[in-house]
Amino acid sequence: MRFSKFGLTTLRDTPAEAEIISHKLMLRAGLIRRLAAGLFTWMPLGLRVLRRVEKIVCEEMDRAGALELIMPAVQPAELWKETGRWDKYGNLLLRMRDRHDRDFCFGPTHEEVITDIARRELRSYKQLPINFYQVQTKFRDEIRPRFGVMRAREFIMKDAYSFDLDQSGLEQSYQAMHAAYTAIFERLGLKFRVVDADSGEIGGNRSQEFMVLADSGEDAIAWCDEDGYASNVETAATVPEDGKRAAAKVNLEKIETPKTKTVETLTELLEIGPDKILKTLIVEGKKGPVALVIRGDHELNAIKACKMPNVTEPLTMANPETIQEIIGCTPGYVGPIGLDIPVYYDHATKCMSDFVCGANEFEKHYIGVNFGRDIKTPTTVDLRNVKDGDPTPSGSGTLKIARGIEVGHIFQLGQSYSEAMRATVQDKDGNDATLFMGCYGIGVTRIVGAAIEQNHDERGIIWPESIAPFKVVLIPINMHQSETVREVATTLYSELKAAGLDVLLDDRDARPGVKFADAELIGIPHRLVISERGIKVGQLEYRHRRDEEAKMIAYDKALQIITPS
RNA sequence: CGGGGCGUGGCGCAGCCCGGUAGCGCGCCUGCUUUGGGAGCAGGAAGUCGGAGGUUCGAAUCCUCUCGCCCCGACCA
């Protein structure tokens, strides 16, 4: 491709709309342009990357025996009503009506459609196992689209659905997808981890996420190299403390604590650590508010909290008016002593002694609180997020915390959809057997953003070779003045193309600095500079995007340095 | 949805408080010079000041409403 024919405009200034680095670079490098919130056009340069990602994904899916198809993006409401998700999915579902006033939605996912296909097409266990996949545009009306293509409303997803006769078949299909996904992310050249995950909205049993490691990631993951444990922090279990509680040393006392409604201000006022404070959070419950009690230095885990009986899903903090009404104080001064609502204690509170908690009175706290003496010794549950240094569930290792971008998610759905939609086949004995389903997603567009988050420097993008829009960029110096440079550059361009490489020839009548800056911004892995002074000695200048320095190479070495054997 | 902020040539911004000729940098077009790290000079094109209504002799500026976008909190590929 000749740069002058490629219609690429790069931006020197970052548009104000972008926050994270990948979004900024994608706009500046001309990969995408925004149309509306969460809607993007993939420009020619960006599309090249997207296609490379898709190709790798499809190749590995095919290799794993999955069958590609394409389902409609628009789906009738009836299917969604069959599974109950027409109501459950909420505002994330973009609904629409056709001219006959029939309800439809723009598909955010395709379990219903594929299950409909399965119940029509699959009749015998002999057709199993089978796995269908598609690469398709989805729409989820996100509450807050942000970070460019990382959380767009319209996005491209590869979704696959497996059907098996029984659980053990499902497990095999699931493992096959696990292996395929691992191969995909390795080929993409990304640093990633597979973690245990919450199955969330889609439902089902086992589920794992493929996380690209990046500081800007929206998810926190906990892992341990010693015992191989890895989980999304959302689902990482804490280990109940077995340590003994220290004996009470001081008496219970109610003290004035003006303007200390946070753990932080309380630690300053009392000059104690946050681990000596009991934090009591009031959330909405099915039969009135519920109290969740954790240590002051810990964070509540919403998913775990929702699993408590009575607690409403999604987790909603009680509003201050409710707290005032039920407890008689404002948030920040709530404590478990004398509290007349259901209370759940986190495991870590069990070993606390001589601690501080709210007194259920405005600007008052108790100090010197002890279980057994001042409050009943609680039974404890898992309520908090794990943190760096916590023991792993096996007890043999220590957790580390990192941030990740969820680019893939695999689920064992089991029979929930097939039961709701009566998707069965006949088994060996001629009986109807409800299918076991798995579903497997990859955020194709998101991968492009994630790859940039993980591979960039102050000058721009540094594409992994496997997804770079061009393998090599040719920069002729003063091509428009020098006949020699022009000839060498065009010849080299033809030769590299003939060798099957994707090559970008920067034939613009621009100063070298402009060309260098653009080549670095758009992140082409290999750069060759053609100049008069190099030609005189039969050499080219070569530099990899990751190299510090350029080096001179013989003209005929160009091809082999770019495609190492 | 709640809270905060922003809408002024393609991009980044100033001007608004205190109403009176719409401005700067980058980019774009033409010409000349220049040519190994985002060139110089000269000339030029391009803006319903997000939209509607109002106040006023006069509104980018003040008031009301509205739309859009971004950021912070509960979802997910």
Side-chain angles (χ1 to χ4, degrees), chain A residues 9-20 23-24 27-28 30 33-39 57 89-92 108-109 135-160 181 197-202 207 209-212 218-219 232 234 283-284 300 302-303 305-306 312-317 319 405-411 439-450 459 475-482 485 508-521 527 529-534 541 543 550:
Chain A
T9 43
T10 58
L11 265 31
R12 207 156 163 179
D13 297 308
T14 305
E17 70 197 56
E19 179 73 5
I20 59 169
H23 190 191
K24 288 179 180 172
L27 289 169
R28 284 227 291 138
R33 294 291 180 239
R34 186 185 63 82
L35 177 64
L39 303 178
V57 170
Y89 219 85
N91 287 330
L92 217 52
T109 176
V135 175
Q136 204 211 31
T137 297
K138 307 267 194 255
F139 192 97
R140 294 185 188 171
D141 202 355
E142 295 282 347
I143 300 161
R144 187 149 91 88
R146 63 185 135 168
F147 302 149
V149 299
M150 300 273 254
R151 180 174 294 279
R153 290 193 293 175
E154 187 178 297
F155 59 99
I156 296 171
M157 177 170 157
K158 187 288 300 172
D159 47 328
Y181 275 36
D198 181 57
S199 48
E201 190 73 48
I202 294 177
S207 126
E209 291 165 333
F210 285 72
M211 295 283 191
V212 165
E218 291 189 86
D219 288 278
N232 193 310
E234 287 180 343
V283 299
E284 286 182 16
L300 182 69
I303 289 179
C306 283
T312 48
E313 195 170 1
L315 189 71
T316 317
M317 301 305 286
N319 62 42
I405 300 162
E406 186 190 351
V407 288
H409 202 156
I410 55 178
F411 300 82
C439 84
Y440 317 93
I442 287 183
V444 177
T445 39
R446 179 180 278 186
I447 284 172
V448 178
R459 292 164 187 266
I475 300 185
I477 305 292
N478 294 331
M479 176 184 185
H480 292 260
Q481 279 65 237
S482 163
V485 170
R508 293 177 296 173
D509 185 12
R511 300 172 70 81
V514 173
K515 297 185 180 188
F516 292 148
D518 275 340
E520 282 154 357
L521 175 63
R527 183 183 86 182
V529 180
I530 302 105
S531 65
E532 291 246 9
R533 72 184 189 210
E541 179 194 289
R543 183 172 170 185

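This one's a predicted model, so the numbers in the text were calculated from it and none came from an experiment. Protein chains get the first letters and strands the later ones, always in sequence-line order, with residue 1 at the start of each. As a basis for the values below, the full set of heavy atoms in this structure was taken, side chains included, without hydrogen atoms, waters or symmetry mates.
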Results of side-chain contact (heavy atoms from CB on, under 4.5 Å) for [X] - residues two or more places apart only:
| X | answer |
| --- | --- |
| A:T312 | A:E284, A:K286 |
| A:A152 | A:F40 |
| A:L11 | A:P15, A:R28, A:R33 |
| A:P108 | A:W80, A:Y89, A:L93, A:R140 |

Set of side-chain hydrogen bond (donor to acceptor under 3.5 Å, both in side chains) partners for [X], sequence neighbours left out:
| X | answer |
| --- | --- |
| A:E234 | none |
| A:K24 | none |
| A:E19 | none |
| A:R508 | A:D506, A:D518 |

ask   = Just by protein heavy atoms under 4.0 Å, how would nucleotides 38-51 of chain B read 5' to 3' in B, S and -?
value = BB------------
query = For nucleotides 1-6 of chain B, read 5' to 3', which letter fits each nucleotide if B means a protein heavy atom sits under 4.0 Å from the base, S means only the sugar-phosphate is that close, and - means neither?
reply = B-----
With the criterion being N/O to N/O and under 3.5 Å, what pairs connect the protein with nucleotides 22-25 of chain B, and how long is each?
residue: B:G25; atom: N2; partner: A:D13; partner atom: OD2; Å: 3.1

key: By ring pair (Phe, Tyr, Trp, His ring centres under 6.0 Å) - contacts of A:F210 (at least two apart)   =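 A:F210: ring pair (Phe, Tyr, Trp, His ring centres under 6.0 Å) contacts with A:H178, A:Y181, A:F185.
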